[in-house]
Amino acid sequence: MIRGYFSTAGPRQRPFVHAVLRFSAVPNRSFAVELLVDTGADRTILAPLDALRFSRRLGVDLTTLPRGQASTGMGGHMETRVIDAVLTLESFSTPLAFTVLEAPPERLPIPSLLGRDILSRFALYVEQAENLVLLLEPEEAATVRPHLP
């Protein structure tokens, strides 16, 4: 089970999980990031502000990364870069071609996203009144189903 949390920004509360990224291009270093749980996002994405922080902390020139599939969403159409990473959420780890948005941070001040490419591996339980954000492994979800109506 992976436990997330609700973060308050203004009048809204949104579900997040803490993630750690490791990159083969930057050995022996990791990058911690908070990811918004977004069931509407096809893929997990590093947003421009986090990408800038990543670039500065780990010394990675984002313009040298390979181009990725363009991203289209509420922010419009945006070019991307990709970097091979290992995404870790508590006890869960998986290799991932991590998408990095190229927009200048001031143009798109959005959070990084945990998309369906990862969420599809879990049962998602979100209960704002109880401040619960849980990603359940399939075997954990199976124990919950008999108790549902």
Report yes or no: do [X] and [Y] belong to one cluster of Ile/Leu/Val/Met/Phe/Trp/Tyr joined by side chain heavy-atom distances under 4.5 Å?
X	Y	result
L46	V17	yes
M1	F122	no
F92	V33	yes
L52	F31	no
L96	I83	yes

Inset, instruction - Please assess D42 against R116 for the test salt bridge (Lys or Arg N to Asp or Glu O under 4.0 Å), listing each intermediate value before the final yes or no. - result: CA-CA 5 Å; D42 292 331; R116 287 191 323 271; 2.4 Å; yes

Which value, rounded to the nearest 0.5 Å, describes the distance between [X] atom [atom1] and [Y] atom [atom2]?
X	Y	atom1	atom2	result
I110	D50	CD1	CG	9.5 Å
I2	S91	CD1	OG	6.0 Å
L114	L119	CG	CG	4.5 Å
S7	R12	OG	CZ	13.0 Å
R3	L134	CZ	CG	5.5 Å
F16	L35	CZ	CG	8.5 Å

Flag side-chain contact, heavy atom, 4.5 Å: [X] against [Y]:
X	Y	result
V86	L21	no
L65	V60	yes
I45	F98	no
V126	L132	no
L135	L89	yes

Legend entry - Qualifying side-chain hydrogen bond (donor to acceptor under 3.5 Å, both in side chains) pairs with a residue from residues 14-25, counting only residues at least two apart or across chains: H18-E34

Legend entry - F23 ring center near F54 ring center (under 6.0 Å):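 They qualify: ring centres under 6.0 Å apart.
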
Show the nearest heavy-atom pair for residues [X] and [Y], with the distance to one decimal.
X	Y	value
A19	L87	CB-CD1, 3.7 Å
S120	D117	OG-O, 3.7 Å
E140	E137	OE1-N, 2.7 Å

Legend entry - More than 12 heavy atoms of other groups within 6.0 Å of R121 CZ: yes

Inset, instruction - Not counting sequence neighbours, which residues clear side-chain contact (heavy atoms from CB on, under 4.5 Å) with S55? List them please. - result: L62

